[in-house]
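Here the structure is laid out as structure tokens; the discussion comes afterwards.
Numbering of residues begins at 1 and proceeds along the displayed sequence. Atom set for the values below is all heavy atoms of this structure, side chains included, hydrogens, waters and symmetry mates excluded. Order of appearance sets the numbers: ligands from 1, and atoms from 1 within every ligand.
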Amino acid sequence: RAKDSGRGRICTFTPDMNRRVVERMRMLSRARLAFDRQSFSLQYQPQVATSDGRVRGFEALIRWTDAELGPVSPDRFIPVCEDSGLIVPLGLWVLETACIEAMGLACRGIGGITMSVNMSAVQLAQNDFVPRVLEVLDRTGLPPNRLELEITETQMIGSLDAAIDKLDALRQAGVHIALDDFGTGYSSLTYLRTLPINTLKLDKAFIDDVHRRTDARSMVASISRIAHDLNRNVVAEGVEELAQWEALSRMGCDLIQGYFVSRPLAADRIDGFLAAWEERRKSLPIVSRDDV
Ligand code: C2E
Ligand code: MG
Ligand code: MG
Ligand code: MG
């Protein structure tokens with residue numbers, strides 16, 4: 001415990017804080033080891049168009065099961081990797097692996113698929129962020145318009161202009177940009193207007209009640225309308241039920257992502273999913289949009 005009396009009292013280091021620091025240090029050293037041994041992996045979650053039920057893309061999601069720590073959620077280890085800078089090489093590995101997977105799909109005749117990859121604020125803040133992304137596209141051969149980078153608005157805080165310039169440069173090259181987790185934190189309509197994004201991803205928090213509460217429905221309907229007026233696509237995240245699918249299609253949501261369609265899949269299960277989905281797709285209600 002830090003000296004908590006007298007001149008210059010700075011902080012009190014409680015046993016609880018101490019435990020958290022030790023836990024994070026342990027997680028970081030395990031993550032470094034996992035990175036060196038290439039034991040991270042990716043799963044891919046489909047995104048489906050409400051207009052025809054077809055698969056339009058996949059979101060790459062990182063997975064890690066550590067021998068000592070067991071399965072660790074990205075919500076826990078990504079912040080640790082961000083604080084330490086490990087996210088920079090790790091994020092590059094994610095990007096390259098996802099691009100290679102997307103190329104593989106194209107080679108197997110599964111065309112027109114977009115691969116979405118989550119980007120950390122720390123990656124975006126690197127000076128060479130744009131050339132790094134373009135290099136990976138070059139190396140893997142994936143056409144830039146088959147890649148979508150997902151960013152969140154919390155990543156903009158502090159360096160908005162620099163971030164906008166980088167995103168603009170990527171857009172110029174054809175890469176798509178999505179604003180992730182819209183509806184959490186301090187989501188602002190200003191970002192929706194000023195950021196050079198193609199796609200707005202509505203957070204699961206908005207989607208959970210969309211089929212049973214009018215207030216949730218009017219939020220989603222209004223935001224979708226604004227997004228469409230601004231020429232952005234709308235993706236609903238965390239869709240788990242048919243009733244949500246129906247409500248969201250009526251409101252003009254363009255794409256659906258969530259357990260209702262599929263959980264995130266290991267790469268070797270994508271083809272099986274696509275075959276099964278072709279069957280299931282036929283029984284989906286393709287509803288006409290309300291006038292939104
Ligand atoms: P996100 O980008 O918003 O991803 C959506 C999360 O919701 C994923 O959690 C996904 O598995 C989960 N999800 C999808 N559909 C449903 C559903 O119907 N119900 C429920 N309950 N959950 C659903 P996951 O994979 O645990 O990832 C959590 C977060 O970690 C991601 O949120 C993203 O912010 C971050 N993340 C994941 N992979 C990466 C990565 O490669 N790089 C970076 N920087 N962040 C990543
Ligand atoms: Mg995401
Ligand atoms: Mg999200
Ligand atoms: Mg999230």
Side-chain angles (χ1 to χ4, degrees), residues 31 34-35 38-48 57-65 70-102 114-126 129 132-133 136 147-155 176-185 187 191 197-211 223 233-245 248 253 255-267 269 273:
F35 180 70
Q38 304 193 5
S39 36
F40 287 98
S41 63
L42 296 185
Q43 289 190 344
Y44 302 90
Q45 188 176 37
Q47 299 181 333
V48 167
F58 289 88
E59 178 178 3
L61 294 157
I62 195 165
R63 294 291 177 262
W64 177 32
T65 299
V72 191
S73 148
D75 283 325
R76 284 181 63 217
F77 71 79
I78 293 286
V80 174
C81 294
E82 287 177 331
D83 288 350
S84 63
L86 180 60
I87 194 68
V88 175
L90 182 60
L92 205 61
W93 174 84
V94 169
L95 181 64
E96 177 147 1
T97 306
C99 289
I100 291 169
E101 188 57 40
T114 297
M115 184 60 75
S116 299
V117 181
N118 293 284
M119 288 291 129
S120 150
V122 177
Q123 287 175 274
L124 190 58
Q126 303 292 304
F129 176 70
R132 279 299 164 97
V133 171
V136 170
L147 176 66
E148 181 168 77
L149 302 182
E150 297 194 0
I151 54 158
T152 63
E153 40 206 336
T154 45
Q155 302 178 320
H176 291 221
I177 310 291
L179 186 58
D180 202 356
D181 298 347
F182 194 83
T184 59
S187 299
Y191 284 129
I197 56 163
N198 307 83
T199 304
L200 185 71
K201 295 193 80 175
L202 294 173
D203 194 75
K204 183 172 181 301
F206 271 145
I207 306 308
D208 282 341
D209 288 328
V210 82
H211 53 313
I223 293 169
N233 285 318
V234 178
V235 180
E237 289 194 286
V239 175
E240 296 181 343
E241 294 176 35
L242 177 63
Q244 291 171 317
W245 170 294
L248 290 160
C253 225
L255 297 177
I256 298 286
Q257 182 181 346
Y259 296 172
F260 173 70
V261 174
S262 171
R263 291 191 172 245
L265 300 159
R269 293 186 55 204
F273 161 78

So do the side chains of F77 and I62 get within less than 4.5 Å of each other, counting heavy atoms only? yes
Atom indices of ligand 1, in the order listed, that fall short of 4.0 Å to a heavy atom of E240: 17 (C), 18 (O), 19 (N), 20 (C), 21 (N)
Taking backbone and side chain together, does N118 place any N/O/S atom at a distance below 2.8 Å from the Mg ion (ligand 2)? yes
Can you check whether S73 has an N/O within less than 3.5 Å of an N/O in ligand 1? no
What atoms in ligand 1 come closer than 4.0 Å to a heavy atom of E59? 2 (O), 4 (O)
Would a 4.5 Å heavy-atom cut-off, applied to side chains only, mark E240 and I207 as touching? no
Between E237 and ligand 1, find which residue part has any heavy-atom pair under 4.0 Å and reply side chain, backbone, both or neither. side chain
How does T152 reach ligand 1, if at all, at less than 4.0 Å between non-hydrogen atoms: by side chain, backbone, both, or neither? neither
Between the candidates C81, A60, S120, which shows the shortest non-hydrogen contact distance to atom 44 (N) of ligand 1? S120
Show the atoms of ligand 1 that are less than 4.0 angstrom away from any heavy atom in P264. 11 (O)
Heavy-atom proximity to atom 22 (N) of ligand 1, best of Y259, W93, F40: Y259
As a check for students: among R63, Q43, E241, M119, identify the option with a heavy atom nearest to atom 25 (O) of ligand 1. R63
Any donor-acceptor N/O pair, N198 side chain to I177 backbone, under 3.5 Å: yes
Can you see whether Q45 engages E59 through a side-chain donor-acceptor pair at a distance of less than 3.5 angstrom? no
Considering only heavy atoms of D181, which atoms of ligand 1 have at least one such atom less than 4.0 Å away? 3 (O)
For atom 21 (N) of ligand 1, the option (of Q123, K204, K201) bearing the nearest heavy atom: K204
Taking 4.0 Å as the limit for heavy-atom contacts, which would you say applies to I62 with ligand 1: side chain only, backbone only, both, or neither? both
One finds that the ligand 1 atoms under 4.0 Å from a non-hydrogen atom of Q45 are 14 (C), 15 (N)
Which N, O or S atom of D181 lies nearest to the Mg ion (ligand 3), by name: OD1
Measure from NZ or CZ of R132 to the centre of the six-membered ring of F129, then state whether that distance is under 6.0 Å and the direction lies within 45° of the axis. no
Treating S39 as the side-chain partner and A34 as the backbone partner, does any N or O pair qualify as donor plus acceptor under 3.5 Å? yes
Near G258, which atoms of ligand 1 are under 4.0 Å from a heavy atom of that residue? 15 (N), 18 (O)
Kindly confirm whether the Mg ion (ligand 3) is within less than 2.8 Å of some N/O/S atom in E237? yes
Can you find a non-hydrogen atom of G91 under 4.0 Å from ligand 1? no
Minimum heavy-atom distance between W245 and V239, given as atom pair plus value: N-CG1, 4.1 Å
For the metal site, I want the angle between atom OE1 of E150 and atom OE2 of E59 with the Mg ion (ligand 2) at the apex, to 10°. 90°
Any atoms of ligand 1 less than 4.0 Å from a non-hydrogen atom of V94? List them with their elements. 41 (O)
P264 to Q43 - nearest heavy-atom pair and separation: O-OE1, 3.3 Å
Using a distance threshold of 2.8 Å, state whether an N, O or S atom of D180 lies below it from the Mg ion (ligand 2). yes
Between N118 and ligand 1, find which residue part has any heavy-atom pair under 4.0 Å and reply side chain, backbone, both or neither. both
Tell me whether the Mg ion (ligand 3) has D203 as a neighbour, meaning an N, O or S atom of it below 2.8 Å. no
